[in-house]
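Predicted model, so just to flag it, every value in this text is computed and none were measured. A, B, ... follow the sequence lines: proteins, then strands. Residue 1 opens every chain. Reckoned from all heavy atoms, side chains included, excluding hydrogens, waters and symmetry mates.
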Protein chains: 2
Amino acid sequence: MTTPRSARPRPSDPSPGSLEELAGAPLSLRERKKLRTRQTLRREAVRLFAEQGWEATTVDQIAAAAEVSPSTFFRYFPVKEDLLLTDEYDPLMAEAIRARPAGEPFLTSARAVLVGLVRRMLSEQERAELYERMRLAASVPSVRARMMEGAGQPRGMLLDLLTERAGLDAPTLELRITAAAISAALTETSLYWADRGGRDDLADLLDLALEHLQGLAAH
Amino acid sequence: MTTPRSARPRPSDPSPGSLEELAGAPLSLRERKKLRTRQTLRREAVRLFAEQGWEATTVDQIAAAAEVSPSTFFRYFPVKEDLLLTDEYDPLMAEAIRARPAGEPFLTSARAVLVGLVRRMLSEQERAELYERMRLAASVPSVRARMMEGAGQPRGMLLDLLTERAGLDAPTLELRITAAAISAALTETSLYWADRGGRDDLADLLDLALEHLQGLAAH
DNA sequence: TCTCAAATGAGAGTAACTATCAAAAGATGG
DNA sequence: CCATCTTTTGATAGTTACTCTCATTTGAGA
């Protein structure tokens with residue numbers, strides 16, 4: 001007797017995606033199939049969302065379009081919103097940040113890495129996909145909410161990095177504030193980008209946003 | 001055909017509560033009844049949550065305990081989570097911030113007002129209530145998500161204030177970043193407080209958090 | 001007291017989930 | 001190639017948050 005909106009352990013998949021070849025590990029047939037199912041589900045979902053909107057698209061429809069059973073759908077995405085929230089970029093970010101000089105202020109590291117990554121990463125298709133996701137996040141409150149939740153998303157990763165860099169086991173309040181602020185800036189920037197129809201350069205916006213965060217005391 | 005998790009207009013109630021006497025308007029019998037119903041629902045709900053937990057407590061139970069029909073429950077709280085999210089403090093904060101000198105950096109104003117307000121405001125009962133709410137928010141993801149959603153909550157208010165103070169009609173990205181960062185710090189601090197069992201002084205934590213936010217560039 | 005608007009309750013329906021269990025399909029060792 | 005073992009899948013039945021609609025009640029105002 002659980003609530004639709006409530007907690008539920010994630011399947012803890014390593015959230016693969018377009019960048020499958022990342023960890024050179026050769027994938028078994030099983031893994032490849034799972035990956036394909038996951039991608040198909042997400043692709044069909046996004047297509048349907050674009051065609052009919054978020055609410056008019058039911059999980060059953062998505063499952064049917066991807067030719068799996070509803071049961072299977074929920075195994076891959078325990079909540080409908082998760083279709084839009086899986087981010088394959090986190091591990092890349094983490095690695096890049098770890099590679100920065102240890103003495104550098106964290107925000108500086110994060111800014112350099114994030115902006116650089118966004119500037120380079122985006123193939124036209126990835127850009128379009130990211131935009132569509134953000135557009136939905138901006139317009140569908142439940143998606144937005146889930147995106148802000150943060151636990152799975154960048155905030156958690158940033159917090160881990162910060163804690164690690166500070167040589168601590170558990171994060172302090174200060175570290176949590178830093179992670180939350182950066183993560184909020186990230187999300188806010190993406191939403192702003194989507195709000196303006198994606199016509200700005202995302203990397204520039206991000207740079208501006210994080211620079212602003214550094215000078216917060218002055219404004 | 002709307003989704004449980006999806007958007008849905010709030011009834012736009014002026015969210016009354018313990019501070020009903022705020023706007024001295026004498027309440028009609030009808031208004032008093034509505035107020036009482038709302039309070040009863042919330043009180044019974046919190047009691048049940050504490051007794052049996054969030055998920056084990058169904059809307060029907062709450063309605064029954066408050067002696068109204070389920071239909072009526074949903075008229076007052078369109079989503080279950082809303083039981084915990086009504087905040088009567090926002091308008092007070094807004095007014096206090098508006099009263100600060102106009103040239104002052106926003107974060108400085110906000111810090112002074114928030115810390116001051118928290119330090120003074122909390123009657124023992126209010127403190128306990130706030131704690132219970134945060135405890136649930138910390139442990140129930142869906143509540144946490146809804147709390148972070150922000151549009152209604154402090155972020156929106158802060159953003160309005162910032163925009164107003166900047167003499168603009170629409171917020172810039174920078175303003176949105178500022179509001180998001182402060183709001184995130186607020187939420188994070190409250191959750192931290194709840195995580196640690198409420199044994200710290202919330203005002204102190206908040207002060208620390210916002211000070212840290214000011215010095216973000218340095219860490 | 002009569003009238004009108006607002007609040008309530010009842011009932012039926014939808015869709016996102018959960019739990020369980022049997023069948024299918026990939027991995028593995030011989 | 002086969003036999004076993006494990007993982008993934010599908011089917012089915014159920015729970016619960018929420019929506020819609022409409023008839024009934026109840027407070028407001030003349």
Nearest-angstrom distance from the residue atom [atom1] of [X] to [atom2] of [N]:
X	N	atom1	atom2	result
B:Glu31	D:dG29	CD	P	11 Å
B:Phe73	C:dG9	CZ	P	14 Å
B:Gln61	D:dT15	CD	C1'	13 Å
B:Asp60	C:dG9	CG	C1'	13 Å
B:Phe77	D:dT16	CZ	P	21 Å
B:Lys34	D:dT26	NZ	P	17 Å
B:Leu41	C:dA7	CG	P	15 Å
A:Arg36	D:dT8	CZ	C1'	15 Å

So which one's nearest nucleotide on DNA chain C is more toward 5', A:Arg30 or B:Thr37?
-> B:Thr37
Pairwise distance CG(B:Asp200) to CH2(B:Trp193) - rounded to 0.5 angstrom | 9.5 Å
For atom CZ of A:Arg36, decide whether the heavy atoms of other residues, nucleotides or ligands shown that lie under 6.0 angstrom number more than 12.
-> no
For A:Gln52, look at atom CD and say whether over 12 heavy atoms of other residues, nucleotides or ligands are found less than 6.0 Å away.
-> yes
Can you tell which of [options] lies closest to the side chain of [X]?
X	options	answer
A:Leu29	C:dG26, C:dT8, C:dA16	C:dG26
A:Thr58	D:dA17, C:dG26, C:dA15	C:dA15
A:Lys33	D:dA28, C:dG26, D:dT9	C:dG26

At under 4.0 Å, does any side-chain N or O of A:Tyr76 touch on OP1 or OP2 of D:dT8?
-> no
Strand contacts (DNA chain C) in residues 62-71 of chain B, 4.0 angstrom heavy-atom criterion | B:Val68, B:Ser69, B:Ser71
Could you check if a side-chain atom of B:Leu84 sits within less than 4.5 angstrom of a side-chain atom of B:Phe77, using non-hydrogen atoms only?
-> no
With side-chain hydrogen bond (donor to acceptor under 3.5 Å, both in side chains) as the test, would you mind laying out the steps for A:Ser69 and A:Thr72 before giving the verdict?
-> CA-CA 5 Å; A:Ser69 76; A:Thr72 299; 3.2 Å; yes
Identify whether NZ of Lys or CZ of Arg in B:Arg42 sits under 6.0 Å from the centre of the six-membered ring of B:Tyr76 and within 45° of that ring's axis.
-> no
Output yes when A:Arg98 and A:Glu95 qualify as a salt bridge under the 4.0 Å nitrogen-oxygen rule, no when they do not.
-> no
For the pair B:Lys80 (side chain) and B:Trp54 (backbone), establish whether a donor and an acceptor sit closer than 3.5 Å, ignoring hydrogens and angles.
-> yes
Which protein N or O atoms sit under 3.5 Å from an N or O of nucleotides 22-24 of chain D?
none

Would you be so kind as to tabulate the donor-acceptor pairs closer than 3.5 Å made by side chains of residues 172-180 of chain B, with sequence neighbours excluded?
from, atom 1, to, atom 2, distance (Å)
B:Thr172, OG1, B:Glu174, N, 3.4
B:Thr172, OG1, B:Leu175, N, 3.2
B:Arg176, NE, A:Glu188, OE2, 2.8
B:Arg176, NH1, A:Asp195, OD2, 2.9
B:Arg176, NH2, A:Glu188, OE2, 3.3
B:Arg176, NH2, A:Asp195, OD2, 3.3
B:Thr178, OG1, A:His212, NE2, 2.7
B:Thr178, OG1, B:Glu174, O, 3.1

